[in-house]
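Below is a structure I'd like to ask you about.
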Amino acid sequence: MSSSESDSNSKPKGGWYPETRALHEGWHPDAPGEPLAAPWQPSTVFRHPEQGLSDASWSYTRLDNPNRSQLERTLASLEGGSQALVFSSGMAAVQAAFHILDPGDHVLLPDDLYHGVRILIRDQYERWGLTCDFVDTTRPDAVADAATPRTRMLWLETPSNPMLRITDIRALTALASERGWISVVDNTWTTPVIQRPLELGADMAHYSTTKYMGGHSDVLGGALVLRSGEDMAPVHERLRSLQRQAGAVPSPFDCWLLLRSIKTLHVRIRSQCASAIAIAEKLAAHPGVEMVHYPGLPAHPGHEVASRQMDLPGAMISFQVKGDDATALRVAASTRLVLPATSLGGVESTWEHRKTSEYEGTSTPGNLIRLSVGLEHPDDIWKDIEQALAAAVPETDGDHR
Ligand SMILES: Cc1ncc(COP(=O)(O)O)c(C=O)c1O
């Protein structure tokens, strides 16, 4: 992976480096006596100006709120996008993205992706007339072959959840642009610290801000960040009206919490990635582990593409233990430090037997555990993983540190 010194994200945009923008873009006190922490604005209603309401005035929190606009400004700036829109959850943001389509439209998605998106399509959007195909997006030819005359959107997720497959964002968004499809990349697992889809040609980046952006397992949220360009103006208008009319918006306090968390996003991600690299290498050498899915390992099939489009390999690792579902379930339940829990991106390490968290009929292997590496000392995390494997996988013996 390229070093943070040489990557494009480390170049100042608008005069400030991204780390600086993460701290100062949303709120920066200029006047004497102003607080350093952004004021929380819980009011749902704002007094009208004397000349009557205008687009510039605050009026009602479903439409806009100072904390929400601070958060949107910060996210747009981190992504190098023109506009960001925040929602009450990652799934509310997915829903808004699909709502720019019309009944009868066709969407192409990865065959390995966050299972909630697949369920949303199956239970809500198929009834509504959207048609979809789930394809191997690591193969651009498979994507081109699956297109129909009604294809309007290409949805990507890379690394994918939970198999960490790597899709070439530049190649796929070029195909989308050539065919006139809107391209969206779910960038939840990497954040702009690691990967910036808009710079790689995507029209939109999607985030569950519940994960790394929030980072402390205490706030739910979602976001869409749009690339600049006049052709995106109608998409932005449509999304903004959906956000304001349907009202799946985050509370001012959730926006305030997210803005606070984003101040430490760069240091958290870099530290979590450094630990993840060390842990993935140890897992790959462990006799109780059958396979490790982590793009930072040279043996990963997407390593070369990942090295081009990601500045770091991320802090999510999936691995398959030697054994079956029962073995993996036993391993997942044998930790003392790593918390058996769903979700990801928090400061505390968590892991789960992924298959049981997904929908019936999922193709996720039964012996797979998905690990979200947190901020504990990496030696403590590894010691705990090692003892859990020793306790539950018969092939494991001796010291593998
Ligand atoms: C990649 C990805 N996208 C979207 C979501 C949905 O986000 P939320 O739970 O905030 O609605 C998740 C949640 O796990 C996710 O991992």
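A quick note: this is a predicted structure, and the numbers were derived from the prediction, not measured. Each ligand, and each atom within it, is numbered from 1 in the order the structure gives.
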Worked verdict on Tyr207 versus Glu79 for side chain to side chain donor-acceptor pair (under 3.5 Å): CA-CA 11 Å; Tyr207 293 95; Glu79 183 71 34; 2.2 Å; yes

Atom 15 (C) of ligand 1 has as its nearest protein heavy atom Tyr114 CG, 3.6 Å

Does a side chain donor of either His266 or Tyr17 reach within less than 3.5 Å of an acceptor in the other side chain? no

Do the side-chain N and O atoms of Arg370 and Asn161 include a donor-acceptor pair separated by under 3.5 angstrom?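 Yes - a donor-acceptor pair under 3.5 Å links their side chains.
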
Decide whether an N or O pair under 3.5 Å exists between Met91 and ligand 1. yes

Below 4.0 Å from any atom of ligand 1, is there a heavy atom belonging to Ala93? no

Are any of the N/O atoms on Lys211, whether in the backbone or the side chain, positioned under 3.5 angstrom from an N/O atom of ligand 1? yes

Which of the ligand 1 atoms, numbered from 1, are nearer than 4.0 Å to a heavy atom of Gly221: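 Near Gly221, the atoms of ligand 1 are 10 (O).
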
Using the ring of each side chain (for Trp, its six-membered ring), is Trp128 parallel, tilted or perpendicular to Tyr125, with breaks at 30° and 60°? perpendicular

Salt bridge Asp168-Arg170, side-chain N to carboxylate O under 4.0 Å: no

Give the residue and atom name of whichever protein heavy atom lies nearest to atom 10 (O) of ligand 1, and the separation in Å to one decimal. Thr210 OG1, 2.6 Å

When you check the gap from the basic side-chain N to the acidic O, do Arg227 and Asp203 get nearer than 4.0 Å? yes

Any idea which atoms of ligand 1 are less than 4.0 Å away from a heavy-atom of Asn161?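 Result: 16 (O).
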
Contact atoms of ligand 1, heavy-atom distance to Asp186 under 4.0 Å: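 Ligand 1 atoms under the 4.0 Å threshold to Asp186: 1 (C), 2 (C), 3 (N), 4 (C).
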
Taking the basic N atoms (NZ, or NE/NH1/NH2) and the acidic carboxylate oxygens, is any pair closer than 4.0 Å for Arg240 and Glu72? yes

Do any nitrogen or oxygen atoms of Gly90 lie less than 3.5 angstrom from nitrogen or oxygen atoms of ligand 1?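 Looking only at distances, the answer is yes, because the N/O contact criterion of under 3.5 Å is met.
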
